[in-house]
Colleague: 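This is the structure I have questions about; it appears just below.
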Amino acid sequence: MKSHELSVTVEPRYLADQSDPAENQYIFAYTIRITNSGSQPVQLISRHWVITDGNQQEQEVRGLGVVGQQPLLQPGQSFEYTSGCPLSTPVGTMRGTYHCVGDNGSPFEVDIPEFVLAVPRTLH
């Protein structure tokens, strides 16, 4: 088993009540669960997102931690948070990386697999 092993799962959803399609404003929320499946404690330090809308316009977002926290995950522990993303199109994607530090001080990156943000019934 690797000493640093994080798994990331994402559940995106469309927030119709906060969106205004007539103004090209589509609001999405996503819930992310990060699980430390390695054998050493790991701290999430920062994030880097690449957000692509339906017109292939890319926007990059970098920042410390997630939702104002830099969670320290013990082996077997999970951290879950919900955040949001506005888009100007009804469909887009997000992908990124978490920058983490292991218990021994060594930095490493964790890929966040690309996921789709879509208004229901816009993808066939």
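None of these values were measured; they are calculated from a predicted model. Start at 1 with the first residue, then count along the sequence.
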Colleague: Checking the side chain of N36 only, and the main-chain atoms of L73 only, is there a donor and an acceptor separated by less than 3.5 Å?
Modeller: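 Side chain of N36 to backbone of L73, a donor-acceptor pair under 3.5 Å: yes, one is there.
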
Colleague: Could you tell me whether the side chain of D20 reaches within less than 4.5 Å of the side chain of Y26, counting heavy atoms only?
Modeller: no

Colleague: Is P90 close to P21 at the side-chain level, that is, under 4.5 Å between some pair of heavy atoms?
Modeller: no

Colleague: Begin with the C-alpha distance, continue with both residues' side-chain angles, and end with the deciding distance and a verdict on side chain to side chain contact (heavy atoms under 4.5 Å, CB included) for C85 and M94.
Modeller: CA-CA 9 Å; C85 176; M94 284 181 71; 3.9 Å; yes

Colleague: A quick test of your reading: do over 12 heavy atoms of other residues, nucleotides or ligands sit less than 6.0 Å from CD of E11?
Modeller: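 No - once you tally the heavy atoms of other residues, nucleotides and ligands closer than 6.0 Å, there are 12 at most.
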
Colleague: Linking I/L/V/M/F/W/Y whenever their side-chain heavy atoms sit closer than 4.5 Å, directly or via other members, would V67 and W49 fall into one cluster?
Modeller: yes

Colleague: Taking atom CG of D103 and atom CD of Q74, what is their separation to the nearest 0.5 Å?
Modeller: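 The distance works out to 7.5 Å.
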
Colleague: Side chain to side chain contact (heavy atoms under 4.5 Å, CB included) between I27 and Y14: does it pass, once the steps are laid out?
Modeller: CA-CA 6 Å; I27 308 298; Y14 175 60; 5.9 Å; no

Colleague: Hey, are the side chains of I51 and V61 touching, using non-hydrogen atoms and a 4.5 Å cut-off?
Modeller: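 They are in contact (side-chain heavy atoms under 4.5 Å apart), so the answer is yes.
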
Colleague: So F108 and V42, side chain to side chain contact (heavy atoms under 4.5 Å, CB included) or not? Walk me through it.
Modeller: CA-CA 10 Å; F108 65 100; V42 170; 3.5 Å; yes

Colleague: Nearest 0.5 Å, please: how far is OG in S88 from CG in D53?
Modeller: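 Output value for this atom pair is 4.5 Å.
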
Colleague: Show, in sequence, the C-alpha distance, side-chain angles and deciding distance for V91 and L117, and conclude whether the side chain to side chain contact (heavy atoms under 4.5 Å, CB included) test is met.
Modeller: CA-CA 6 Å; V91 179; L117 303 171; over 6 Å; no

Colleague: Using side-chain heavy atoms (C-beta onward) and a distance below 4.5 Å, is Y81 in contact with I34?
Modeller: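 Yes - at least one pair of side-chain heavy atoms lies under 4.5 Å apart.
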
Colleague: Distance from Q40 atom CD to E5 atom CD, nearest 0.5 Å?
Modeller: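 Going from CD on Q40 over to CD on E5, the span is 12.5 Å.
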
Colleague: What distance separates T35 OG1 from Q77 CD, expressed to the nearest 0.5 Å?
Modeller: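 Rounded to the nearest 0.5 Å, the OG1-CD separation comes to 9.5 Å.
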
Colleague: So, do I32 and T9 sit near enough that their side-chain heavy atoms are less than 4.5 Å apart?
Modeller: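 They are not in contact (no side-chain heavy atoms under 4.5 Å apart), so the answer is no.
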
Colleague: As an exercise, state the distance from OG of S46 to CD of Q70, rounded to the nearest 0.5 Å.
Modeller: 8.0 Å

Colleague: Mind checking whether V110 and I112 sit in one hydrophobic cluster, side chains of I, L, V, M, F, W, Y counted as touching below 4.5 Å?
Modeller: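 In one cluster with V110: I112, yes.
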
Colleague: Does T31 reach the side chain of E80, with side-chain heavy atoms less than 4.5 Å apart?
Modeller: yes

Colleague: May I ask whether V8 and I45 are part of the same hydrophobic cluster, defined by side-chain heavy atoms of I, L, V, M, F, W, Y residues being less than 4.5 angstrom apart, directly or through others?
Modeller: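 V8 and I45: separate clusters.
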
Colleague: Is there a side-chain contact between F79 and L44 (heavy atoms, below 4.5 Å)?
Modeller: no

Colleague: For S7 and S37, which heavy atoms make the closest approach, and how far apart are they?
Modeller: N-OG, 4.4 Å

Colleague: Using side-chain heavy atoms (C-beta onward) and a distance below 4.5 Å, is H48 in contact with V50?
Modeller: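 Yes, at least one pair of side-chain atoms sits under 4.5 Å.
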
Colleague: Identify the two heavy atoms, one from G38 and one from P75, that lie closest to each other, and give their separation to 0.1 Å.
Modeller: O-CB, 3.5 Å

Colleague: Which of parallel (below 30°), tilted (30 to 60°) and perpendicular (above 60°) describes F115 and Y30?
Modeller: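 It falls in the tilted class, 30° to 60°.
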
Colleague: Between OG1 of T89 and CD of Q25, what distance do you get to the nearest 0.5 Å?
Modeller: 12.5 Å

Colleague: Grab the two heavy atoms, one from C100 and one from L6, that are nearest each other, plus how far apart they are.
Modeller: SG-CD1, 3.7 Å

Colleague: Using modelled atom types and a 3.5 Å cut-off, is there a donor and acceptor pairing between side-chain atoms of S19 and backbone atoms of L15?
Modeller: yes

